[in-house]
Amino acid sequence: MHKKLILANWKSHKTKSEVLAWLDHFATNFPKQVLADFELALAPSMPYLNLVGEYLQKLRLNKIKLTAQDVSQYPLGKYTGATAAVQLVSVGCRYVLIGHSERRRYFGETPQIVAQKIDQTLENGLQPIVCVDDDQIISQAQALTPQVRSQLIILYEPLSAIGTGMGQDVPAVTQAVAQIRQQFGQIRVIYGGSVAPHNISEYLMITDGVGVGTASLEVKEFMVLIEKLMTAN
Ligand code: PGA
């Protein structure tokens with residue numbers, strides 16, 4: 001049995017000084033015993049992966065999974081601007097978000113590109129967390145072999161719920177989780193979209209975890225969310 005996963009995705013937010021301020025507050029206030037029952041993952045922007053990884057190591061918090069928000073579909077080589085999976089491994093990443101709706105929408109990622117990125121990730125021993133909206137469940141599954149499908153964590157993120165403060169209805173999430181398992185097999189499925197302290201417990205009851213964007217940006221709000229986990233458990 002896996003622990004429920006809480007994934008904080010900072011997206012393209014924060015400067016270096018803001019990252020350090022977040023970590024400093026986190027370091028002094030984080031109740032480490034949460035990690036006995038929950039798995040935590042932190043996804044800063046690429047330039048801060050190394051910094052965050054070393055900071056977590058220093059705090060002996062390396063149980064928290066350092067997560068990249070994207071990866072190149074190509075290996076090391078002549079691909080200016082791209083970050084290869086093996087480079088993520090070399091700075092301590094263990095998880096990689098792939099095909100987030102913002103990647104699909106603003107960067108033209110297709111199910112086929114997502115499939116290539118998943119291959120790179122798996123070949124390098126990283127855990128892919130693949131994002132899908134309702135209308136991508138089938139097309140994304142079809143772009144992958146059953147063997148690849150069985151190795152994924154899926155982050156179900158309906159577009160209408162992302163960053164809007166309007167989380168998806170619980171019955172609709174339950175239905176989507178079932179459809180995802182039908183297509184991908186009995187894998188871990190987590191939910192993302194306006195997860196906040198007031199609704200996290202509901203989503204955790206019907207999923208294997210949550211992805212948290214907005215509510216992870218302010219460290220104090222994120223700590224409230226963490227405290228909620230302790231009381232819910
Ligand atoms: P949100 O973002 O929590 O701000 O809705 C979720 C996500 O896109 O991962």
Side-chain angles (χ1 to χ4, degrees), residues 4-14 18-19 22 26 38-46 48-49 52 64-71 88 93-109 111 113-114 117-118 121 126-137 140 152-170 172-173 176-177 180 187-229 232:
K4 303 238 174 191
L5 172 61
I6 315 296
L7 164 69
N9 173 13
W10 290 347
K11 308 192 177 185
S12 199
H13 290 288
K14 296 192 186 301
E18 288 167 348
V19 168
W22 193 102
F26 184 77
F38 293 91
E39 183 183 13
L40 251 69
L42 194 51
S45 318
M46 290 290 183
Y48 312 126
L49 280 171
V52 173
I64 298 180
K65 304 287 195 313
L66 188 64
T67 303
Q69 297 175 16
D70 183 35
V71 63
L88 297 178
C93 274
R94 284 183 282 171
Y95 287 178
V96 185
L97 268 177
I98 302 177
H100 188 281
S101 67
E102 288 146 17
R103 299 292 317 167
R104 294 182 193 256
R105 195 168 162 198
Y106 300 120
F107 300 90
E109 289 190 9
I113 294 174
V114 168
K117 292 186 171 196
I118 295 169
T121 304
L126 290 159
Q127 173 63 56
I129 303 176
V130 178
C131 308
V132 291
D133 193 351
D134 293 274
D135 60 359
Q136 290 147 356
I137 296 172
Q140 192 59 68
L152 305 178
I153 296 175
I154 295 285
L155 170 51
Y156 166 60
E157 292 206 312
L159 202 56
S160 60
I162 298 178
T164 58
M166 311 258 288
Q168 181 80 309
D169 293 345
V170 166
V173 176
V177 169
I180 289 167
I187 55 169
R188 296 165 87 187
V189 183
I190 68 175
Y191 166 78
S194 298
V195 173
H198 73 273
N199 61 20
I200 187 168
S201 312
E202 285 184 344
Y203 291 125
L204 286 176
M205 273 193 275
I206 53 161
T207 62
D208 298 312
V210 288
V212 188
T214 311
S216 72
L217 293 178
E218 287 296 330
V219 66
K220 286 188 183 145
E221 187 177 5
F222 191 62
M223 295 313 299
V224 174
L225 197 120
I226 298 285
E227 276 153 31
K228 194 86 193 175
L229 296 178

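Start at 1 and go down the list; that is how both ligands and their atoms are numbered. When a residue number appears, it is its place in the shown sequence, counting from 1.
Side-chain polar atoms of R188 and Q127 form no donor-acceptor pair below 3.5 angstrom. H100 and Q69 share no donor-acceptor pair across their side chains, judged by distance under 3.5 Å alone.
The closest approach between any non-hydrogen atom of S194 and ligand 1 is below 4.0 Å.
With ligand atoms numbered from 1 in the order given, ligand 1 contributes 1 (P), 4 (O), 5 (O) to contacts under 4.0 Å with heavy atoms of G163. Atoms of ligand 1 found under 4.0 Å from any heavy atom of G193 (numbered from 1 in listed order, with element): 5 (O). Taking every non-hydrogen atom of A161 and a distance limit under 4.0 Å, the qualifying atoms of ligand 1 come out as 5 (O). For ligand 1, the atoms closer than 4.0 angstrom to any heavy atom of E157 are 6 (C), 7 (C), 8 (O), 9 (O). Atom numbering of ligand 1 starts at 1 in the shown order; those under 4.0 Å from a heavy atom of I162 are 2 (O), 5 (O), 8 (O). Shown in contact with N9 at under 4.0 Å from a heavy atom are these atoms of ligand 1, numbered in order with element: 9 (O). In summary, the atoms of ligand 1 found under 4.0 Å from a heavy atom of H100, numbered by their order in the structure, are 7 (C), 8 (O), 9 (O).
Here the CG-NE2 distance, from L217 to H13, works out to 5.0 Å after rounding to the nearest 0.5 Å.
The residue from D133, T207, D134 that alone fulfils the side chain to side chain donor-acceptor pair (under 3.5 Å) condition with Y156 is D134.
When the salt bridge (charged side-chain N to carboxylate O under 4.0 Å, His left out) test is applied to K14, no partner is found at least two apart in sequence or on another chain.
Using bins of under 30°, 30° to 60° and over 60° for the plane-to-plane angle, the ring pair W10/W22 lands in the perpendicular bin.
Residue, atom and distance of the protein heavy atom nearest to atom 2 (O) of ligand 1 are K11 NZ, 3.4 Å. When only non-hydrogen protein atoms are considered, atom 4 (O) of ligand 1 lies nearest to T214 OG1, 2.4 Å. Residue, atom and distance of the protein heavy atom nearest to atom 3 (O) of ligand 1 are G213 N, 2.8 Å.
When all heavy atoms of P44 and V52 are compared, the pair lying nearest together is CG-CG2, 3.8 Å.
D70 contributes no side-chain N or O that, together with a main-chain N or O of M46, makes up a donor-acceptor pair within less than 3.5 Å.
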